[in-house]
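Presented below is the structure to which this report refers.
Values below: every heavy atom of this structure, side chains too, minus hydrogens, waters and symmetry copies.
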Amino acid sequence: MTTASGSSSAPSAASTLASGPARGNAPTSPSSSTSSSAGRGDSRARGGSFTRRPDRSRRSRKVRRFFGRLPLNIVIVLLLVAVIYPILWLILSSFKTQLEFLNEPFWSLPASWSFDNYTTAFVDGGLGRYILNSVLVVFPSLAVILILGTAAGFVLEVMVWKGRSIVLLGFLAGVMVPAQMILLPLFTIYFKLHLTGTLWPLFFTYIGIGMPLTVFMMATFFRAIPRDVFEAATIDGANIFRLFWQIGLPLVRNALFTIGLVQFFFLWNDLLIALTFTNSQNLRTIQAGLLNFTGQYGAVQYGPTFAGIAVSVVGTLVIYLFLNQQIMKGLTAGSVKG
Amino acid sequence: MNKVLGDRRAIFLLLGPALLVYTVVMLVPIFWSMGYTVFDGNALTGFTFVGLDNFAKFFGDPTALSATWFTIRYAIILTVLQVGFGYLLALLYTFRIKRASSLIRTIFFFPVVLPTVGVGLLFQKLFEAAPTTGPVNGFLNFLGAPSVDWFGYADSSFWVVILLDLWRSMGFYAILLYAGLVDIPEELLESARIDGASGWKLVRSIVLPLSLPVLLSSLIFSINGTLKVFDTIVALTNGGPGNTTTPLTLYMFQTSFSYGEYGYGSTIAMMLTILCLLVTLLIFRSTRRDLTKG
C-alpha cells in the first residue's frame with residue numbers, strides 16, 4: 001500500500017529542493033504564499049501549517065481547529081465504538097451464567113470468569129468436532145488449490161501457446177457465476193459416487209470453487225515479473241519444470257501467502273457449501289455447526305451459544321491481529337469474487 | 001527458448017490438473033444445471049421433460065417474485081450504502097486522519113474477516129427483545145422508548161440485515177477506495193487548492209472524477225456480491241418473518257433441498273445468474289455513456 005506522500009515521489013522531491021530557501025525565510029515572513037509553495041510535498045503530512053506564528057494566535061488556532069473538527073472526531077469515535085463494542089459484549093457475555101442473562105441488564109459484567117460455558121459448548125455442543133471437520137477439509141483443499149492454481153497461473157502467463165487467453169477467460173467466468181448454479185449437479189454426482197456421508201464432497205467442491213480466483217490472481221502476479229528473468233533462465237539451459245520450481249515459485253512466494261490467506265477466509269467462513277453437502281451432525285464444519293448450535297439450545301441456553309460464537313469469532317480475530325496488513329492487501333485484491 | 005516455454009508436455013502436466021478440477025466441479029455442473037431447468041423432479045424420483053414450464057412457473061410464483069424483488073432491493077440499497085460509506089471513510093483516511101490512519105483503517109477492516117454465521121448470531125442477540133433485552137433495545141429503553149421486536153416485522157428485519165452487512169463491509173470498501181484515492185497525484189490537488197477549491201468543492205470537482213474508475217469497480221464487486229447474499233440472512237433471520245427476507249439464493253436452496261425440486265431450483269439459480277450478468281452489463285453500459293459525454 002503506497003503512502004500519501006509516496007505516490008508522487010519524484011515531483012515532491014523536486015519541490016522540496018526548490019523550496020529550500022523559502023522554508024528558511026518562513027519564520028521571518030509568515031506569508032501565505034511561501035507556505036503554500038513550500039508545502040507542496042509535506043502539506044499532507046504536516047497539515048500545511050509549519051510556518052511559525054505568534055504563540056497566542058497559534059494556540060487559538062489550535063483550539064479553533066479542535067472544535068472545528070469536533071463533530072468529525074465524534075463521528076469517528078462513535079464508529080469505532082460501533083465496530084468494537086459488539087465483539088466486546090460477545091466476549092463478556094460468554095462468561096455469564098443463564099441466570100445472569102435472564103435477570104441482569106445487558107451491560108452488567110459477568111459475576112465470575114468461569115469457563116463453564118466453553119466446556120459445555122465443546123463437550124455437549126460438539127464444537128470440537130465441528131472445528132476438527134473444518135480443519136480436516138479446509139487445509140487440505142487449500143494446499144491443493146494453491147499448488148494446482150500456481151502451476152496453472154504459470155502456464156497461462158509465462159508459457160507461450162495458442163489459446164491461453166481463452167482458457168484464462170474461461171477461468172474468469174467461474175468467478176462471476178453464483179455457487180447455486182453448481183450445487184444440484186454436484187449433489188447428484190456425489191450421490192452416484194457414494195460420497196454422500198463423507199467429507200469428500202466438501203473437499204472437492206472447495207477445490208473447484210477456489211480454483212478460478214487463485215488461477216486468475218496467480219496469473220496477475222506472474223505477469224508482474226519481467227519476462228527477461230524466465231528467458232535468461234531458458235538460455236542458461238533450465239528446463240521448464242526447473243523454471244517453474246526454482247525461479248517462478250520463489251518469485252511469487254509472497255503472493256502465494258496472500259492468496260492462501262484470502263482462500264482460507266473464503267473456505268473457513270463458507271456456509272452454503274457446508275450446509276449443502278453435510279447431512280449429518282458429525283460432518284458439520286464450524287459454520288454449519290454453529291448455525292445448528294442455536295437451534296439445539298434455542299433460547300434456552302445463552303451461555304454456551306455465546307461461547308460458541310466467541311470461539312469462532314475470536315479465532316479469526318487472532319489471525320487478523322498478526323497478519324492484518326497481508327489480509328487487507330489480499331482481500332481487496334481478491335475482491336473480484338464479490 | 002520458445003521450445004522450452006512452449007513445451008506441450010509441460011503445459012499439459014502443469015495446467016491439466018487445475019483445468020480438470022475446474023471443469024468437473026464448475027463448468028460441467030453449470031451446463032448440467034442449465035439442462036435441469038427444462039425438467040421436473042429430482043435424482044431419486046427421476047426426471048420428466050417439461051419444456052419451459054419452470055420459467056413460466058417462476059413468473060407466476062408469488063414467492064419467487066417477492067424473492068427477486070427482495071434480492072434487487074437489498075442489492076441496490078446495500079451497494080449504495082456500503083460504497084457510499086466506504087467512500088466517505090476513504091476520504092476521511094486520505095484527507096483528515098493522518099497520524100492514526102493506519103490503526104483506524106485496520107480496526108474498521110476487521111469485521112470483514114469474521115465468520116458471517118457468528119456475526120449473524122451475534123446481531124440476533126444484539127437486537128433481541130425477549131426473553132432477554134439486547135443492547136439495542138436496552139439503549140432504547142434507556143431513552144424511554146419501548147423495546148422493538150426487530151425480527152417480528154418485514155421492514156425492521158430488512159434494515160437489521162442491511163445494518164449487519166454494512167457493519168461487515170464498510171471498512172473493506174473503504175480500503176478498496178482508499179487505494180484509488182491515494183493514487184491521485186498530489187500536484188493536481190495542490191493546484192486545485194491554489195485555485196481556491198477546498199472541502200466539498202475539491203472533492204466534487206477533482207477527487208470524485210479522478211476516482212471514478214475505482215468507484216465503478218467497487219460498484220460492480222458490490223452488486224455482484226450482494227445479489228448472492230446467503231450466509232448473513234440464513235444466520236440472522238433465516239428468511240423470516242414468513243418469507244419476507246428470503247433472497248433468491250435462499251429460495252433456491254429451500255426449493256432444491258427441502259422440497260427436492262431440482263428442475264425448479266435450477267431455474268431459480270439460472271434466473272439469479274441472469275440477474276447478475278444483466279446488472280453488471282447495465283453498470284458497464286451506463287458508465288461508458290457517461291465517460292464519452294464528460
Minimal non-hydrogen separation, [X] against [Y], with atom names:
X       : Y       : value
L291(A) : A235(B) : CD1-CA, 3.7 Å
L121(B) : L290(A) : CD1-O, 3.7 Å
D231(B) : L272(A) : OD1-N, 4.4 Å
M34(B)  : M181(A) : CG-CE, 4.0 Å

Say you draw a straight line from [atom1] of [X] to [atom2] of [Y]; how long is it, rounded to the nearest 0.5 Å?
X       : Y       : atom1 : atom2 : value
M328(A) : I175(B) : CE    : CD1   : 3.5 Å
L183(A) : M252(B) : CG    : CE    : 5.0 Å
I107(B) : I84(A)  : CD1   : CD1   : 4.5 Å
F230(B) : D270(A) : CZ    : CG    : 9.0 Å
T316(A) : L114(B) : OG1   : CG    : 5.0 Å
L331(A) : L176(B) : CG    : CG    : 10.5 Å

Sort [X] into side chain, backbone, both or neither according to what part of it lies under 4.5 angstrom from a heavy atom of chain A.
X       : value
Y36(B)  : side chain
F139(B) : backbone
L277(B) : neither
M170(B) : side chain
L227(B) : neither
F253(B) : side chain
I268(B) : neither

| query | Hey, what's the ring geometry for Y320(A) with F109(B), parallel, tilted or perpendicular (30° and 60° as the breaks)? | reply | parallel
Heavy-atom pairs under 4.5 Å with chain B, option from [options] with the top count:
options                            : result
T276(A), I327(A), N324(A), T205(A) : T276(A)
W89(A), F191(A), F241(A), Y85(A)   : W89(A)
V75(A), V144(A), L80(A), V158(A)   : L80(A)

For chain A, the option from [options] that forms the most heavy-atom pairs under 4.5 Å:
options                          : value
T273(B), V113(B), V21(B)         : V113(B)
V119(B), T133(B), L14(B)         : L14(B)
L126(B), V28(B), L13(B), V24(B)  : L126(B)
C276(B), S266(B), S169(B)        : S266(B)
I220(B), L272(B), T249(B)        : T249(B)
S33(B), A269(B), P115(B), P17(B) : P115(B)

| task | Return the set of residues passing side chain to side chain donor-acceptor pair (under 3.5 Å) with N238(B) (not counting sequence neighbours), or none when no residue passes. | result |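 Side chain to side chain donor-acceptor pair (under 3.5 Å) check on N238(B) returns nothing, list empty.
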| task | Give the intermediate values and the outcome of side chain to side chain contact (heavy atoms under 4.5 Å, CB included) for residues W161(A) and R8(B). | result | CA-CA 8 Å; W161(A) 50 289; R8(B) 289 199 171 266; 5.6 Å; no
| side chain to side chain contact (heavy atoms under 4.5 Å, CB included) assessment of M26(B) paired with M211(A) | CA-CA 9 Å; M26(B) 299 275 300; M211(A) 201 55 75; over 6 Å; no
Chain B contact via [X] - side chain, backbone, both or neither, heavy atoms under 4.5 Å:
X       : answer
T214(A) : neither
F171(A) : both
V167(A) : side chain
N239(A) : backbone
L275(A) : both
R242(A) : neither
I286(A) : neither

Within a strict 4.5 Å, meaning less than it, do heavy atoms of the [X] and [Y] side chains meet?
X       : Y       : result
L15(B)  : F154(A) : no
L271(A) : V234(B) : yes
W167(B) : P86(A)  : yes

| request: Kindly write out the residues that satisfy side chain to side chain contact (heavy atoms under 4.5 Å, CB included) with V136(B), not counting sequence neighbours, or none if the list is empty. | output: F127(B), W150(B)
| Do L184(A) and W32(B) pass the side chain to side chain contact (heavy atoms under 4.5 Å, CB included) test, and can you show the C-alpha distance, the side-chain angles, and the key distance before you say yes or no? | CA-CA 9 Å; L184(A) 286 169; W32(B) 192 330; over 6 Å; no
| request: Using atom types as modelled and distance alone, determine if a side-chain donor or acceptor of K228(B) lies under 3.5 Å from a backbone N or O of M176(A). | output: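 Yes.
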| Between the main-chain N or O of G170(A) and the side-chain N or O of Y22(B), is there a donor-acceptor pair closer than 3.5 Å? | yes
| said: So for atom CZ, which belongs to F257(B), do other residues, nucleotides or ligands contribute more than 12 heavy atoms lying within a distance under 6.0 Å? | reply: yes
| request: Determine, step by step, whether I207(A) and V25(B) satisfy the side chain to side chain contact (heavy atoms under 4.5 Å, CB included) criterion, reporting the C-alpha distance in whole Å, the side-chain angles of both residues, the deciding distance to 0.1 Å, and the verdict. | output: CA-CA 8 Å; I207(A) 295 174; V25(B) 178; over 6 Å; no
| Does a donor on one side chain sit under 3.5 Å from an acceptor on the other, for Y251(B) and Q180(A)? |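 Looking only at side-chain atoms, Q180(A) and Y251(B) do not form any donor-acceptor pair under 3.5 Å.
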